[in-house]
Amino acid sequence: MTPSNPVPPIVPETPTPSTARSEVWGSDAIARMLHRLEVPYVALVPGASFRGLHDSLVNDLGNKTPQMLTCIHEESAVAIAHGYAKASGRMMGAILHSNVGLLHASMAIFNAWCDRVPMLILGATGPWDAARRRPWIDWIHTMSDQGGLIRSFTKWDNQPASVPAAYDALLRAAQMATTAPRGPVYVNLDAGLQESKLTELPPLPDVSRFRAPESVQPSPDLVRRAADLLSNATAPVILAGRGNHTLESWRARVALAEKLNARVITDLKAGAVFPTRHPLHVGPPGSFLAEAATKVLREADVVLSLDWIDLAGTLKQAFGEQITVPHLLEACRARRSSPPAAAPADAPTRAHDVMNLRAVADAFNEATDGIDVCLTRLPLGWRGGYRHFAHPLDYLGADGGAGVGSGPGMTVGAALALRGSGRVPVALCGDGDYLMGVTALWTATHYGIPCLFIVCNNRSFYNDEAHQERVAITRSRPVENKWIGQRIGDPDMDLAMMAVAQGAKGIGPVTHPDQLAKAIKDGLRAVMDGEVCVIDARVLPGYDADVSGEKRAVERSTGRA
Ligand SMILES: Cc1ncc(C[n+]2csc(CCOP(=O)(O)OP(=O)(O)O)c2C)c(N)n1
Ligand SMILES: [Mg+2]
């Protein structure tokens with residue numbers, strides 16, 4: 001659709017230009033292909049499986065065509081692409097982290113499939129070459145058939161093994177997504193391929209030669225026969241279903257209805273396709289037929305169905321069940337029957353002037369002196385030396401699959417099990433984890449399941465900033481761009497208010513280390529008094545040096561600096 005007014009730009013998030021232009025990486029080629037395809041935006045939650053592509057979008061393309069839209073949950077990322085396609089008729093992209101991001105997004109992909117919207121979903125896996133995988137995390141985030149997770153509700157999927165194959169996969173994917181009946185497609189990009197250095201950029205194809213074909217046209221003979229039926233009808237009815245949302249199509253539908261003097265029925269599933277105030281419209285539109293529409297349909301002698309959603313179900317609603325079967329039973333000649341084929345630990349330091357995880361840990365240790373707590377979650381930057389464990393219920397461990405967003409729900413479940421145990425359930429979690437699963441709090445307040453959340457709110461998916469930093473260093477690109485597509489600030493979210501909104505107690509934002517111990521003591525007291533409580537602890541982005549040191553050591557040992 002062509003906008004009639006100039007479109008105000010969204011916040012650009014402009015990166016510092018990269019001067020390292022001499023080297024080309026696999027993901028640069030993929031990013032340039034997306035640019036060629038004119039993908040306007042990519043909605044994403046960051047993840048290391050596509051850190052190569054992430055870097056290329058920021059530092060090679062300059063975060064333009066496509067521009068990143070940072071999301072809090074993969075389900076929202078895909079829903080944003082869905083809504084964009086519905087409103088504009090255009091395809092945008094979503095990038096989903098390995099299997100976990102894909103699993104989060106799967107329901108939204110299913111919606112997009114049912115709604116037949118064009119969508120380019122990029123995924124990531126690997127490195128496919130197992131010898132290049134980092135211990136544990138790359139293994140847990142690699143599956144032998146990741147596309148299989150969503151194959152039954154995507155139009156096409158592919159996992160290219162080279163840059164030319166990736167060009168081809170993206171071309172085909174874009175073409176398939178935008179060819180009617182349109183739908184989501186999935187291209188799974190090997191992390192090893194993204195992060196491989198190229199000697200030169202393979203030439204990009206001419207994308208204009210791979211556009212979606214023109215819509216299939218009905219044969220003139222069929223048009224003539226339908227026109228005869230409609231022109232000679234005494235009570236024609238148009239069931240206006242899934243339709244193009246352009247004014248031109250809208251006007252053509254109105255003109256046809258007026259020319260035929262046909263009654264028009266619409267529904268609420270397909271959106272606005274016909275003026276509901278028009279005298280020929282029989283309403284109101286609904287998910288099922290309204291009484292007036294049922295009557296008109298029953299009296300129709302010719303029905304024109306324009307991609308009506310569930311035509312059979314609608315006719316069944318109007319005419320009742322199986323009216324045809326008794327007639328057929330009487331009229332049919334018996335055939336010879338044949339049976340159908342069978343269906344186939346560090347010592348704490350006390351004085352802090354910086355709000356970091358260490359300060360939170362020390363304040364937490366101070367505040368919990370003499371209180372039994374059960375840690376249901378620890379944040380990603382936590383170091384084992386920050387706190388000792390002396391009982392099996394002191395800490396329940398991580399989430400199993402490294403899928404961010406499970407912290408709130410798992411905490412509420414653990415707290416349910418811990419009621420009456422004398423232990424205070426406490427989640428020390430990241431803001432990304434908290435935000436993705438935040439509505440689990442309502443279940444806790446609704447059912448009276450006390451628990452404490454201390455959100456280590458660095459206003460970032462910081463773990464992945466660290467990844468972008470490493471990629472930028474490897475590629476001699478500007479490290480200062482690592483925040484793009486990662487930060488959850490500007491505006492900073494008021495996490496305590498999100499708790500209050502759900503009937504929980506909210507404390508904070510706590511911005512100075514001196515305020516931490518009191519805030520945590522207040523929170524513990526509230527939970528011991530039966531409340532659900534959230535403390536918004538505004539920590540600085542950045543992990544304790546020892547943590548990234550450990551990570552770097554692991555990466556060095558596996559050849560992935
Ligand atoms: C479902 C899912 N999406 C994306 C990721 C990739 N990922 C790993 S850690 C992380 C950041 C989590 O942010 P937060 O909880 O705030 O912790 P921080 O990194 O800031 O310490 C992301 C996005 C993932 N593991 N799981
Ligand atoms: Mg964070």
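One-based numbering, in listed order, for ligands and for the atoms of each.
By the 30° and 60° cut-offs, the orientation of the rings of Y84 relative to Y41 is perpendicular. Y386 and W382 have perpendicular rings, their planes meeting at more than 60° on a 0 to 90° scale where under 30° would count as parallel. The aromatic rings of H73 and H104 sit parallel, their planes meeting at an angle under 30°, below the 60° perpendicular limit.
Residues forming a ring pair (Phe, Tyr, Trp, His ring centres under 6.0 Å) with Y447 (at least two apart in sequence, or on another chain): none.
Taken to the nearest 0.5 Å, the CZ atom of F364 stands 6.5 Å off from the CG atom of L524.
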Residues 402-413 side chain polar contacts: donor-acceptor under 3.5 Å, at least two apart:
| from | atom 1 | to | atom 2 | distance (Å) |
| --- | --- | --- | --- | --- |
| S406 | OG | R377 | NH1 | 3.4 |
| S406 | OG | R377 | NH2 | 3.3 |
| T411 | OG1 | T376 | OG1 | 2.9 |
| T411 | OG1 | G407 | O | 2.7 |

Check: every ligand 1 N/O to protein N/O pair under 3.5 Å:
| from | atom 1 | to | atom 2 | distance (Å) |
| --- | --- | --- | --- | --- |
| ligand 1 | 3 (N) | E74 | OE2 | 2.5 |
| ligand 1 | 7 (N) | D464 | OD1 | 3.2 |
| ligand 1 | 15 (O) | G432 | N | 3.4 |
| ligand 1 | 15 (O) | D433 | N | 3.0 |
| ligand 1 | 16 (O) | D431 | N | 3.3 |
| ligand 1 | 16 (O) | D431 | OD1 | 2.7 |
| ligand 1 | 16 (O) | G432 | N | 2.7 |
| ligand 1 | 16 (O) | S460 | O | 3.0 |
| ligand 1 | 19 (O) | Y462 | N | 3.2 |
| ligand 1 | 19 (O) | N463 | N | 2.7 |
| ligand 1 | 19 (O) | Y543 | OH | 2.8 |
| ligand 1 | 20 (O) | N458 | OD1 | 3.1 |
| ligand 1 | 20 (O) | N458 | ND2 | 2.9 |
| ligand 1 | 20 (O) | S460 | O | 2.9 |
| ligand 1 | 20 (O) | Y462 | N | 2.9 |
| ligand 1 | 21 (O) | Y543 | OH | 2.7 |
| ligand 1 | 25 (N) | A402 | O | 2.8 |
| ligand 1 | 26 (N) | V404 | N | 2.9 |

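Counting heavy atoms from C-beta outward, T368 and R387 have side chains that approach closer than 4.5 Å.
Between the side chain of W128 and the main chain of T125, no donor-acceptor pair closer than 3.5 Å is present.
In this model, no donor atom of one side chain and acceptor atom of the other lie less than 3.5 Å apart for S49 and S98.
Atoms of the protein (N, O or S only) found under 2.8 Å from the Mg ion (ligand 2) are D431 OD1, N458 OD1, S460 O.
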